[in-house]
Amino acid sequence: MEDEYIEVIGVEQLKTILTSLSPKDIVEFAYKEWIPCQRSGYTILNLENGKISGIGVEQNQLPLNDDLFIVLYTISALENPVKANEFLSDEEYEEYEEFKGDEAADYTPDIVADFCKKNDIDEDARKITILANRFEENEYWNYNKWETGVLNEYYDAIQEEHYTFKTVDEEV
């Protein structure tokens, strides 16, 4: 009986994919899957086909994605990664403070969303920009170190004992 192989992208193809991504590309997939206090958002790289995508995982749940992947970026369900005073200008924030009134908590997502709609502010775009800038400043700025971390995840994933892998380098 022949060994059955799972074909995965090779290291060179992985490096090519990584260099084609901007910090915004990496953050945006996770952000779109993230729901505050409910679902963590992950940006993943599928090791079988080289596609980047996002998955959302509810609290206390394991990802149900059958594909072999590595995680490039995470936003935890339990975090509030961008506060209103960070993505609103000083003037907008003053207006927001008046808009929410005295009885509202410091951060109430519904009130922030209502304020942004009322004032034609693209809340998601601003938050993604801030998260991408943070990711770039904190991790991506030292690209070699970030890439090495991703490569280590790749090697860990393909060295799991219950799979047999065959790497395939293709032109991207």
Side-chain angles (χ1 to χ4, degrees), residues 6-59 61-90 92-93 107 109 112 116 121-161 163 165-172:
I6 296 174
E7 289 188 4
V8 295
I9 61 173
V11 172
E12 291 309 312
Q13 187 177 2
L14 174 62
K15 287 181 178 184
T16 300
I17 292 166
L18 293 178
T19 58
S20 73
L21 297 171
S22 71
K24 183 180 177 189
D25 296 333
I26 295 167
V27 166
E28 196 165 22
F29 284 106
Y31 183 83
K32 288 181 178 179
E33 296 294 331
W34 169 74
I35 299 174
C37 300
Q38 186 177 349
R39 186 169 74 189
S40 296
Y42 296 89
T43 300
I44 62 170
L45 180 120
N46 183 306
L47 295 180
E48 295 177 61
N49 61 25
K51 301 269 188 248
I52 305 293
S53 63
I55 60 170
V57 179
E58 302 286 328
Q59 287 185 345
Q61 217 180 25
L62 295 174
L64 300 175
N65 194 330
D66 289 338
D67 297 331
L68 179 64
F69 63 87
I70 56 175
V71 175
L72 300 179
Y73 182 78
T74 304
I75 303 173
S76 170
L78 301 177
E79 71 179 298
N80 172 23
V82 182
K83 308 262 190 260
N85 65 341
E86 293 177 279
F87 74 88
L88 297 173
S89 70
D90 291 342
E92 290 169 338
Y93 189 71
Y107 178 73
V112 173
C116 289
I121 296 169
D122 190 339
E123 179 183 2
D124 292 335
R126 287 189 185 186
K127 286 181 176 182
I128 289 169
T129 298
I130 289 169
L131 291 171
N133 289 339
R134 279 190 200 154
F135 176 69
E136 186 170 24
E137 290 171 10
N138 297 334
E139 297 176 46
Y140 195 83
W141 70 272
N142 187 344
Y143 184 82
N144 291 335
K145 183 178 177 184
W146 178 74
E147 181 187 63
T148 298
V150 172
L151 287 171
N152 286 338
E153 274 199 57
Y154 169 84
Y155 293 128
D156 287 348
I158 67 171
Q159 291 178 5
E160 291 184 17
E161 292 180 24
Y163 294 116
F165 295 100
K166 178 179 179 181
T167 59
V168 178
D169 270 319
E170 296 173 3
E171 292 296 316
V172 178

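All figures in this text were calculated on a predicted structure; none of them were measured in a lab.
- With sequence neighbours left out, the ring pair (Phe, Tyr, Trp, His ring centres under 6.0 Å) criterion links F29 to no other residue.
- Test I26, D25, L72 against I52 for side chain to side chain contact (heavy atoms under 4.5 Å, CB included) and you get one pass: L72.
- Sorted by first and then second residue, the side-chain hydrogen bond (donor to acceptor under 3.5 Å, both in side chains) pairs with a member in residues 130-141 read E86-R134; sequence neighbours excluded.
- Residues satisfying the side chain to side chain contact (heavy atoms under 4.5 Å, CB included) criterion with K32, sequence neighbours excluded, are E28.
- Counted within 6.0 Å of CG on D90, heavy atoms from surrounding residues, nucleotides or ligands total 12 or fewer; the atom is thus considered open.
- Listed by chain and number, the residues in a ring pair (Phe, Tyr, Trp, His ring centres under 6.0 Å) with Y73 are F135 (sequence neighbours excluded).
- With I70 as the fixed residue, the side chain to side chain contact (heavy atoms under 4.5 Å, CB included) test singles out one of I44, V150, D156: V150.
- Taken to the nearest 0.5 Å, the OG1 atom of T43 stands 13.5 Å off from the CH2 atom of W34.
- The main-chain N or O of A77 is found under 3.5 Å from a side-chain atom of S40 such that the two form a donor-acceptor pair.
- A donor-acceptor pair under 3.5 Å links the side-chain atoms of R126 to the main chain of F87, judged by distance alone.
- When the salt bridge (charged side-chain N to carboxylate O under 4.0 Å, His left out) test is applied to K24, no partner is found at least two apart in sequence or on another chain.
- Proximity of K15 to L151: side-chain heavy atoms (C-beta onward) are separated by under 4.5 Å at one or more points.
- Partners of D122 under the side-chain hydrogen bond (donor to acceptor under 3.5 Å, both in side chains) rule, at least two apart in sequence or in another chain, do not exist in this structure.
- For the atom pair CD of E48 and CG of L68, the computed distance is 5.5 Å after rounding to the nearest 0.5 Å.
- Looking at V112 and L88, their side chains never come closer than 4.5 Å, going by heavy atoms from C-beta outward.
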